[in-house]
Amino acid sequence: MSTSFTRSQPERDSLLLKELSELVEHHRAHCAPYDRILAAAGFRGADAVADLPWLPVRLFKNLELKSIPDDEVFKVLTSSGTTGDVSRIYLDKAAAATQTRQLGATLQAVLGPKRLPMVLVDTRSLLNDRRSFSARGAGVLGMATFGRDHVWALDADGVPDLAALRGFLDRHGDAPFLIFGFTYLVWLHLYEVARDNGLDLSNGILIHSGGWKKLVDRAVSPEEFRRRLARDTGLVHSHNFYGMVEQIGTIFLEGPSGGSLYCPDFADVIIRDPRTWREQPVGEPGLIEVVSTLPTSYPGHVLLTEDLGVVHGVDDGDWPGKRFSVLGRLPRAEARGCSDTYREAA
Amino acid sequence: MRFRFGDPGELTAPSADRLTVGDPRVVDFLSRFARRLLAPAVARRHPELGSLGYFLRPAELTRAAARLERPDALVFPRGNVFHLPPANVDTIFVYSWALSALAGNHNVVRISSRSAGAAETVLETLNATLEDADPVIGRTQRMVTYGRDDATTAALSAWCDLRVIWGGDEAVRAIRRHPLRPSARDLTFPDRTSWAALSVPGWRAADPAARRAAAAGFANDSYWFDQAACSSPRAVFLVGGDPDGVAEEFLALVGEVVAQRGWSVDAAMAVEKRINAYGLAAAGAVTSMTFPRNEVTALSLTGAGAAPRRWIGAGAFPFAAVATLEDLVPAMNRQDQTFSHFGFTPAELRAFAVALGGRGVDRIVPFGSALTFSAIWDGFDLPREFTRLTTLDA
């Protein structure tokens, strides 16, 4: 049993309310813009996790929000956004260590305690490209620390490296090994190669993330993805995850039976009705709010995303807590004005 | 190159056709175009086209042409006019094209490929009207869609006597890279900001019906184009007296209007408003923000100087209180276009306009008229811009 997916919802609710309320006060005391936002919103205190004041995640693209002095900034994480704006997330040493540790603990739920041999479904040359490095490269590098004896599934030109894969499987294929990659790369460059060349991935544990949009365009649903990987390559241990740089270290991981994402003990999701802003009941889609106790160096502990999702059930799945799905992105607002707004929408 | 209206062919070829200022063939065409726009089915679908149809009714066209006559000069068409409306064409460009056609110009209008909705209806209606119009209309009035083709833009820029650029600062800068011929000039419509002002004593003196009417007019000004038209109010100034409770009462009435009309803002717009409102709060420009309903966002500004010039989202209303209209003068600048008002005396408004001295604000109009196009726009007398003068000393 995992160390990270243990708390039932009632247990989680009371612990998170206490810890997150403390974080609210901590950030109010150390981040003046955050304090001004809460003051303007008239926030007085919360009786439930869903009453905690959330920040729109896009604010991290527009504002510098941090709760540590400049000389304690240890790492600045950036993510390239769809609009070209970049989120800036400020970590001090302690926060950086905590996020790595908690990410490890979360992954242990499916990987076990030991580092496994690892296939990276990407190209090493990804790390040379300074532009894409911040987003995809950082994800790959971050995940690489949870494996050993790495092999890249794609060569420098982004073409599947069948020899490297065969060599890896010869050495490690008869015991559990880790596969990591972006969902569409796994489908395009690992699944098809493994299927066409009869590679045996049955000992693989796949961790994958990234939007489904590119796959939806090819008519591949999450269920189809799992089913065909299992049928054609033997790979049955497949875990999608949902996470973002604005809440680094927190990932919502797909359970062993597939179909739903779960919240680690230090995190949760609230699905909000974008009209009433109230929490949606189970089964009703809405905007995903992600909460996590990890952000101590910046006020990212309660964030409203622009992703749509739905909670399928509570304390009734592979692991305790809520299980949910991500349904896709909320289309950006486009106003029909005469001038400057077009530029923003373009 | 897609011809959306008018005869296909070389756009910059010399033409033997000559129109006059107030040419009867153009007046006839525009009148019949207007009648089609005013048909109930069209007006229901696109209320803004109803206003356009009203603007183009024959009596108004004749009056506009007559106003151009002057005792000291002969008035002629300017010549060739090249129009570049905003990417997401709204109806304003039709007004400027129609006035230019009425002035007797040969026109080429570049219609964005992203045009949709009301613009498509405009084009359908224009084409339907063309079927039994004088053929000179199709030969002299053309609307085309073409991609990012610098060569075409350059050729049309070299062809025209007047280039009309809508769509904000960036569009103006981008188009200006293409030279005009020495005698030609630009008529530009850059980024603008507009405001609303509410007299606190005027509000308190108004009866409930007048207050409701003010809220209804303001709601039209704000919601018809998602508060993003250049003349939609971006912030509301509460002027004079103790403003306590006025903004709340006003917005409650606006909320009622919005509910009655069945207007709603979509989820993305609601999020957009939060992001911008929180950003203003974080920057210290806003001291309180409330979201009485999704369609209405209320913000209290620290002062008139903190009023945001950029778009915040549909139904976002920052309020600032000042003692007198004159106190707003330092906060106004050349970017400011429409100043819509409620509850002031004509004398107060005139004193304000005089104090501004043309350094900012082009239009001062009552609530409900912010979006009403007029032949004088952005400080220009458009019919005059579309004509040229010949003097004759016999």
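The chains referred to below are lettered A, B, ... by the order of the sequence lines, with proteins before strands, and numbering in each begins at 1.
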Requested in this report: Step through the shown structure and confirm whether more than 12 heavy atoms of other residues, nucleotides or ligands are within 6.0 Å of CZ on B:R261.
Outcome: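 Yes, enclosed.
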| said: If I measure from the heavy atoms of chain B, does A:L308 come under 4.5 Å with its side chain, its backbone, both, or neither? | reply: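 Contact with chain B involves no heavy atom of A:L308 at all.
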_Between A:L63 and chain B, with a heavy-atom cut-off of 4.5 Å, which part of the residue counts as in contact: side chain, backbone, both or neither?_
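Interface part for A:L63: side chain.
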Given a strict heavy-atom distance threshold of 4.5 Å, which part of B:A314 is in contact with chain A: side chain, backbone, both, or neither?
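B:A314 has no heavy atom closer than 4.5 Å to chain A.
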| Part of B:A283 lying under 4.5 Å from any heavy atom of chain A |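 Only the backbone of B:A283 comes within 4.5 Å of chain A.
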Margin query: Just so I know, are the side chains of B:R293 and A:R275 near enough to count as touching, which here means a heavy-atom distance under 4.5 Å?
Written below: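 In short, these two side chains do not touch, never coming nearer than 4.5 Å.
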Evaluate the side-chain proximity of A:L304 to B:R274: yes if any heavy-atom separation is below 4.5 Å, no if none is.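 Not in contact.
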Shortest non-hydrogen contact between [X] and [Y], atoms and distance:
X      : Y      : answer
A:P274 : B:N294 : O-ND2, 2.7 Å
A:A41  : B:M289 : CB-CE, 3.9 Å
A:R332 : B:A268 : C-CB, 3.9 Å
A:I37  : B:Y278 : CG1-O, 3.4 Å

**Request:** Apply the test side-chain contact (heavy atoms from CB on, under 4.5 Å) to residues A:K61 and B:I275: give CA-CA distance (whole Å), side-chain angles for both, the deciding distance (0.1 Å), then the verdict.
**Result:** CA-CA 10 Å; A:K61 296 187 197 297; B:I275 291 164; over 6 Å; no
Item checked: Among the listed options B:V271, B:L280, B:L299, B:N276, the residue most often paired with chain A at heavy-atom distances under 4.5 Å ->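 Between B:V271, B:L280, B:L299, B:N276, the count favours B:V271.
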- prompt: Hey, is the main chain of B:G279 close enough, under 3.5 Å, to the side chain of A:N62 for a donor-acceptor pair?
  reply: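 Absent.
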